[in-house]
S.K.: 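One structure, pasted below without further comment.
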Amino acid sequence: KNKEPFYLDLNKLENKIKTRFIVNKYGRNYQLIGELIDSKSNVLDKYKDLALINQDTGLKNKLALEEFIDTLDRKEKYSFVVMGLRGFDEVSKNIGRDKSKEMIQVFIELIESKMYPNMLLFQIDKNEFVIVQLKDFNYDVTAGWAKNMIDHVDKKILLEDLPIKLELDCGVIHNRGTVTNYESRQIIDALEVTLERARTSSTTNLVVFSERYLDFRNKASQLEVDIRKGIENDEFVMYMQPQYDLVEKRVVGFELLLRWNNPKYLKESPATYIRQAEKSNLIIDLGRVINEKVFQIAKKLEGKEIDVSFNISPRQLLQPGFINELIMLRDKYQVDTNKIAIELTETLLILQLDLIIEKFNALKELNFKIQLDDFGTGYSSLNYLKRLPIDNIKIDKLFVDEIETSSKARQILKTIIALGKNLKMGVIIEGVETEKQVEYIRKESSTIIQGFYVSRALPMQEALDFIKKQVKL
């Protein structure tokens, strides 16, 4: 685990052969690069280069970076820029290995064309790279270089006809403060966690390292442990946000939203723990909990002419046995599956679209409804509406926010509503918060609205009481 070279005596016929192994981290696995130690030549480093080079690109790898850091004079001024392509994994699944390698090669050529003197390039993962800037007498210049690289990638077409546009995330670490005392492995950890901060930021693609970021990894590990315990202790519940039909003037549905009934995480955004669950196989276990609770609620609402909808992770959908799990729950609770809508966000449809279509067709055969969430915010394509068996589209809050003040926003919303209606699809408008928004929507269409104007998301008993009140809007 510490990746230090080690020695073994191996038996060959009557003789013992002394060997030396170099350990190399390669993707999720480890390589052992072995060499014979000839007593005559004793050339220990004959194959060492193999362990220090990325076999696809020829660039020096993470192990080489660690060894290089060990040689640095900690009193000198130098910086590290770690870079990663956001969205690479999703795109790679869609375009295949060969095209992915071609795209990475174009990206490497772009980096090399922009490198300053005294810069060295390392590849620490398939789509992650580190620049070491030696003799860095102006730290602002290095941070500026990283910002320029983000802009270059934004303008550069790395490969024609990509399903989504890739973005570059960058983290910068300067050799100052406590960093001067870090060992090479600590610097690698700091690089990885800084890049992770850039990836998860909603405001910037460039992050400069701070010591408190090292807590990020520890918190993530603890969060994963707590999610596992939360599943075991049945701490996860579903809140219900009403969906109101402006024509029928009643609640016709609920979106079921995950909440964590744990004092430690009551104020935490569900996106935080869902994202952490998606990084591991915990999303599969958590998804099973969600599925069970959805069917329980659907059973509670039986006979009330009310649908329920819930969002699923692509990893759940693509998991072998997912549809069988739903069939078992249908049989267990004896509910009408036509009252249950399964949502998938538009931005995630680039993941193995053909397989997703196949799964959705199977769900339609079982009488489930299919909803396309956040319509218009992702990689939009009318092709999705043509190929997917969609019952409803959900218009994102983004298209509602400005309809009170912007005629252009009103026209865009009107056009999207008309598109759904013309395609014989139901339309649900999310994020409705004011009476003026409702007035405009009511004037333009007969549709369903969801948002704080109707109600916030409610615990199950409060949601059932909300139905009984027969609120008229």
S.K.: Is the shortest distance from a Lys or Arg side-chain nitrogen in Lys397 or Glu430 to a carboxylate oxygen in the other one below 4.0 Å?
M.R.: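 A salt bridge is absent here (no side-chain N lies under 4.0 Å from a carboxylate O).
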
S.K.: Please step through side-chain contact (heavy atoms from CB on, under 4.5 Å) for the pair Leu301 and Met240, ending with a clear verdict.
M.R.: CA-CA 12 Å; Leu301 295 172; Met240 305 167 64; 4.1 Å; yes

S.K.: With a 4.5 Å limit on heavy-atom distance, are the side chains of Lys114 and Asn148 in contact?
M.R.: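 A side-chain contact under 4.5 Å is absent here.
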
S.K.: Side chains of Leu121 and Leu59, heavy atoms from C-beta outward: is any pair under 4.5 Å?
M.R.: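 The answer is yes, as the side chains (C-beta and beyond) meet within the 4.5 Å cut-off.
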
S.K.: I'd like to know if Arg228 and Glu224 make a salt bridge, using a cut-off of under 4.0 Å between side-chain N and carboxylate O.
M.R.: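 A salt bridge links Arg228 with Glu224.
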
S.K.: How about Ser455 and Gln241: does a side-chain donor come under 3.5 Å of a side-chain acceptor?
M.R.: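 No.
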
S.K.: I need the full list of ring-ring contact (aromatic ring centres under 6.0 Å, His included) pairs touching residues 314-336, with sequence neighbours left out, sorted by first then second residue.
M.R.: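 Qualifying pairs: none.
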
S.K.: Side-chain donor-acceptor contacts of residues 79-87 below 3.5 Å, not counting sequence neighbours, with atom names and distances?
M.R.:
residue: Ser79; atom: OG; partner: Asp136; partner atom: OD2; Å: 2.5
residue: Ser79; atom: OG; partner: His174; partner atom: ND1; Å: 2.7
residue: Arg86; atom: NE; partner: Asp169; partner atom: OD1; Å: 3.3
residue: Arg86; atom: NE; partner: Asp169; partner atom: OD2; Å: 2.9
residue: Arg86; atom: NH2; partner: Asp169; partner atom: OD1; Å: 2.6
residue: Arg86; atom: NH2; partner: Ala198; partner atom: O; Å: 3.1
residue: Arg86; atom: NH2; partner: Arg199; partner atom: O; Å: 3.4

S.K.: Do Phe107 and Phe129 make the cut of ring centroids closer than 6.0 angstrom?
M.R.: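 Yes.
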
S.K.: Other residues, nucleotides and ligands only: do more than 12 of their heavy atoms fall within 6.0 Å of NZ on Lys77?
M.R.: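 Correct, the count exceeds 12.
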
S.K.: My understanding is that only residues two or more places apart in sequence, or in another chain, count here; which of them pass ring-ring contact (aromatic ring centres under 6.0 Å, His included) with Phe254?
M.R.: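 For Phe254, no residue satisfies ring-ring contact (aromatic ring centres under 6.0 Å, His included) once neighbours in sequence are set aside.
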
S.K.: How far apart are the C-alpha atoms of Asp89 and Lys126, what are their side-chain angles, what is the distance that settles it, and do they pass the salt bridge (Lys or Arg N to Asp or Glu O under 4.0 Å) test?
M.R.: CA-CA 10 Å; Asp89 288 339; Lys126 57 188 175 183; 3.3 Å; yes

S.K.: Would you indicate whether the side-chain heavy atoms of Glu462 and Arg456 approach each other to under 4.5 Å?
M.R.: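 Answer yes - side chains close enough.
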
S.K.: Around atom NZ of Lys304, are there more than 12 heavy atoms from other residues, nucleotides or ligands closer than 6.0 Å?
M.R.: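 No, the 6.0 Å shell around NZ holds no more than 12 heavy atoms from other groups.
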
S.K.: Does Leu363 reach the side chain of Leu317, with side-chain heavy atoms less than 4.5 Å apart?
M.R.: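 Yes - at least one pair of side-chain heavy atoms lies under 4.5 Å apart.
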
S.K.: Does the distance from a Lys or Arg side-chain N to an Asp or Glu carboxylate O, for Glu102 and Lys99, drop under 4.0 Å?
M.R.: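 So Glu102 pairs with Lys99 through a salt bridge.
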
S.K.: I want to check something: taking the side chain as every heavy atom from C-beta on, are Ile429 and Val427 in contact at a cut-off of under 4.5 Å?
M.R.: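 Yes, close enough: below the 4.5 Å cut-off.
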
S.K.: Are the side chains of Asn392 and Leu372 in contact, using a 4.5 Å heavy-atom criterion?
M.R.: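 No, side chains not in contact.
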
S.K.: Evaluate whether atom CE of Met115 has more than 12 neighbouring non-hydrogen atoms of other residues, nucleotides or ligands under 6.0 angstrom away.
M.R.: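 Buried by this count: over 12 neighbours within 6.0 Å.
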
S.K.: Return the minimal non-hydrogen interatomic distance between Val308 and Ala298, and the atom names on each side.
M.R.: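 Reported closest heavy-atom pair: CG2-CB, 4.2 Å.
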
S.K.: Do you know which two heavy atoms are closest between Ile428 and Thr447, and how far apart they sit?
M.R.: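 Smallest interatomic distance, heavy atoms only, reads N-OG1, 4.3 Å.
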
S.K.: Any ring-ring contact (aromatic ring centres under 6.0 Å, His included) involving residues 416-437? Give me the pairs, sequence neighbours left out, ordered by first then second residue.
M.R.: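 Sorted pair list comes back empty.
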
S.K.: Within this structure, what is the SG-NZ distance for the pair Cys170 and Lys147, rounded to the nearest 0.5 Å?
M.R.: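 Answer for the SG-NZ pair, Cys170 versus Lys147, is 10.0 Å.
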
S.K.: With a 4.5 Å limit on heavy-atom distance, are the side chains of Glu255 and Gln450 in contact?
M.R.: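 Sidechains of Gln450 and Glu255: in contact.
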
S.K.: Do the side chains of Lys436 and Glu439 get close enough for a salt bridge, i.e. N-O under 4.0 angstrom?
M.R.: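 Answer for the salt bridge query: no.
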
S.K.: Hey, mind stepping through Glu302 and Lys299 against salt bridge (Lys or Arg N to Asp or Glu O under 4.0 Å) and telling me if it holds?
M.R.: CA-CA 5 Å; Glu302 203 168 41; Lys299 188 67 176 178; 3.2 Å; yes

S.K.: Check this for me, if you would: do Glu404 and Arg410 make a salt bridge, where the nitrogen-to-carboxylate-oxygen distance has to be below 4.0 angstrom?
M.R.: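 No.
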
S.K.: What residues form a ring-ring contact (aromatic ring centres under 6.0 Å, His included) with Tyr244, not counting sequence neighbours?
M.R.: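 Residues passing ring-ring contact (aromatic ring centres under 6.0 Å, His included) with Tyr244: none at all.
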
S.K.: Strictly distance-based, threshold 3.5 Å: is any side-chain N or O of Gln316 a donor or acceptor partner for the main-chain N or O of Ser313?
M.R.: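 At least one qualifying donor-acceptor pair exists.
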
S.K.: Rounded at 0.5 Å granularity, tell me how far CD1 in Ile393 sits from CG in Leu423.
M.R.: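 Answer rounded to 0.5 Å: 7.5 Å.
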
S.K.: Between the side chains of Asp226 and Asn262, does any donor sit under 3.5 Å from an acceptor?
M.R.: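 On atom types as modelled, these side chains do not qualify, holding no pair under 3.5 Å.
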
S.K.: Going by an N to O cut-off under 4.0 Å, is there a salt bridge joining Asp285 and Arg288?
M.R.: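 Yes, this pair counts.
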
S.K.: So do the side chains of Phe209 and Val179 get within less than 4.5 Å of each other, counting heavy atoms only?
M.R.: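 SC-SC contact between Phe209 and Val179 confirmed.
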
S.K.: Salt-bridge test for Asp125 and Lys62: reply yes if a basic N is under 4.0 Å from a carboxylate O, no otherwise.
M.R.: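 No.
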
S.K.: Between CD of Glu112 and CD1 of Ile131, what distance do you get to the nearest 0.5 Å?
M.R.: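 The distance works out to 8.5 Å.
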
S.K.: Do the side-chain N and O atoms of Asp391 and Gln371 include a donor-acceptor pair separated by under 3.5 angstrom?
M.R.: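 Absent: no donor and acceptor within the cut-off.
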
S.K.: Establish, from distance only, whether the side-chain atoms of Asp465 and Gln461 form a donor-acceptor pair under 3.5 Å.
M.R.: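 Present: a donor and an acceptor within the cut-off.
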
S.K.: For Tyr273 and Trp260, take the angle between the two ring planes, folded into 0 to 90°, and tell me which bin it lands in: parallel under 30, tilted 30 to 60, perpendicular over 60.
M.R.: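 The rings of Tyr273 and Trp260 stand perpendicular, inter-plane angle above 60°.
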
S.K.: State plainly whether the residues Lys339 and Glu305 are in salt-bridge range, i.e. N to O under 4.0 Å.
M.R.: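 Salt bridge present between Lys339 and Glu305.
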
S.K.: Could you give all pairs that pass the salt bridge (Lys or Arg N to Asp or Glu O under 4.0 Å) test and reach residues 233-247, with sequence neighbours left out?
M.R.: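 Sorted result for residues 233-247: Asp234-Lys293.
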
